[in-house]
Amino acid sequence: MDIQAYIQSGIIERYALGICSSAETRELEELALIHPEIGKEVNEIRTSLEGYALKHKQAPPEIVKENLMKRIRGEHPEEKGKIVSMNRKEKVLSTSSNYFKYAAAAAIALLVVSTALNFVFYGNWKSSEKDLALLSAEKNQVAEQLHIQKTSYTDAMKDLAILKNPNMVKMEMKGKEPAPDAQALVYCNFKTNEIFLDVKKLPAPPDSMQYQFWAIVKGKPIDGGMIELCPPGDTCGIHKMNPVADAHAFAISLEKKGGMPEPKGKIYATFGI
């Protein structure tokens, strides 16, 4: 059991005010025997309530004490055979009125305590709700980061398996006039005709344009597939392109988005040409 959560639930305040159910009372008293911090909290709240009651106490009228002492001694405030003054009715009414005042004062004091406790409970609830939302957001963020790392690790293992294949031949594509610093690596398995492309650097294309990869077979360009660039600062890893047999050279051109059956745009990088 989370003892701090139990203490902040408000049950101890209800216990101190005597408004807990019998089941709640029994549970709290049993837990107080096991967990000293619960008993300490009960004593602190009781002390606070007693201090509040003493601070706002009001003494009853002196006549109440006199009448009470007379009744204890077996005496009576009134004497038989005497004429009662008409003013007595006014005194009784005045005394009754005072009783109502004290009763009203006690009710107001309880209302103040109840209102204060409601503010405490509401504040604790809002604080707990905020903490729960923050914990949930942090949990989702951590889960998302773990998912990204797991995906990156899986992709890296796949790329590593490609690079370690002894049948894979690595070729470096150099930049041409539109982008002299462009760079890409081609990995070709001439036994299976598999081709993989690792783009190192290419300028960002216009929105309506896209880079296209070509494999050159006997002087004729063969569509090797479209290239999806990663956002700046990210790495997309190695991409599998269309398989082409007997390719002896490679090129990257900038074409209309979606690709062309043969290169029409400027050549940005080549190998073997």
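What you see is a predicted model; the values in this text were computed from it and never measured.
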Check whether any side-chain heavy atom of [X] sits under 4.5 Å from a side-chain heavy atom of [Y], and report yes or no.
X: Asp198; Y: Lys200; result: yes
X: Cys20; Y: Leu28; result: no
X: Ile195; Y: Leu197; result: no
X: Lys170; Y: Val186; result: no
X: Leu185; Y: Met171; result: no
X: Trp214; Y: Ile222; result: no
X: Val169; Y: Phe190; result: yes
X: Gln210; Y: Glu228; result: yes

Over all heavy atoms of both residues, which pair between [X] and [Y] is shortest? Give the atoms and the distance, please.
X: Arg46; Y: Ala16; value: CG-CB, 4.1 Å
X: Ala182; Y: Leu202; value: CB-CD2, 3.8 Å
X: Val217; Y: Ala247; value: CG2-CA, 3.9 Å
X: Asn242; Y: Gly225; value: ND2-N, 3.3 Å
X: Thr270; Y: Lys176; value: OG1-CE, 2.8 Å
X: Glu27; Y: Tyr6; value: OE1-OH, 3.9 Å

Rounded to the nearest 0.5 Å, how far apart are [atom1] of [X] and [atom2] of [Y]?
X: Ser253; Y: Tyr211; atom1: OG; atom2: OH; value: 10.0 Å
X: Tyr268; Y: Ile227; atom1: OH; atom2: CD1; value: 12.0 Å
X: Met260; Y: Leu254; atom1: CE; atom2: CG; value: 11.5 Å
X: Glu41; Y: Gln8; atom1: CD; atom2: CD; value: 9.0 Å
X: Asp223; Y: Glu262; atom1: CG; atom2: CD; value: 11.5 Å
X: Glu24; Y: Ile11; atom1: CD; atom2: CD1; value: 4.5 Å

Polar contact flag, side-chain donor to acceptor under 3.5 angstrom, [X]-[Y]:
X: Gln4; Y: Glu37; result: no
X: Glu172; Y: Gln183; result: yes
X: Glu29; Y: Tyr15; result: yes

So with a 6.0 Å cut-off around CG of Asp2, is the heavy-atom count from everything else above 12?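 Atom CG in Asp2 is crowded, with more than 12 foreign heavy atoms closer than 6.0 Å.
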Would you call Lys218 and Asp246 a salt bridge, using N to O less than 4.0 angstrom? no
Please check if the side chain of Lys201 supplies one atom and the backbone of Asp181 the other of a donor-acceptor pair under 3.5 Å. no
Any donor-acceptor N/O pair, Glu255 side chain to Lys264 backbone, under 3.5 Å: yes
Quick one, His35 with Ile38, criterion side chain to side chain contact (heavy atoms under 4.5 Å, CB included). Give me CA distance, side-chain angles, the key distance, then yes/no. CA-CA 6 Å; His35 304 283; Ile38 294 180; 4.0 Å; yes
Do the ring planes of Phe250 and Phe213 sit parallel (below 30°), tilted (30 to 60°) or perpendicular (above 60°)?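 Taking Phe213 first and then Phe250, their aromatic rings lie parallel (interplane angle under 30°).
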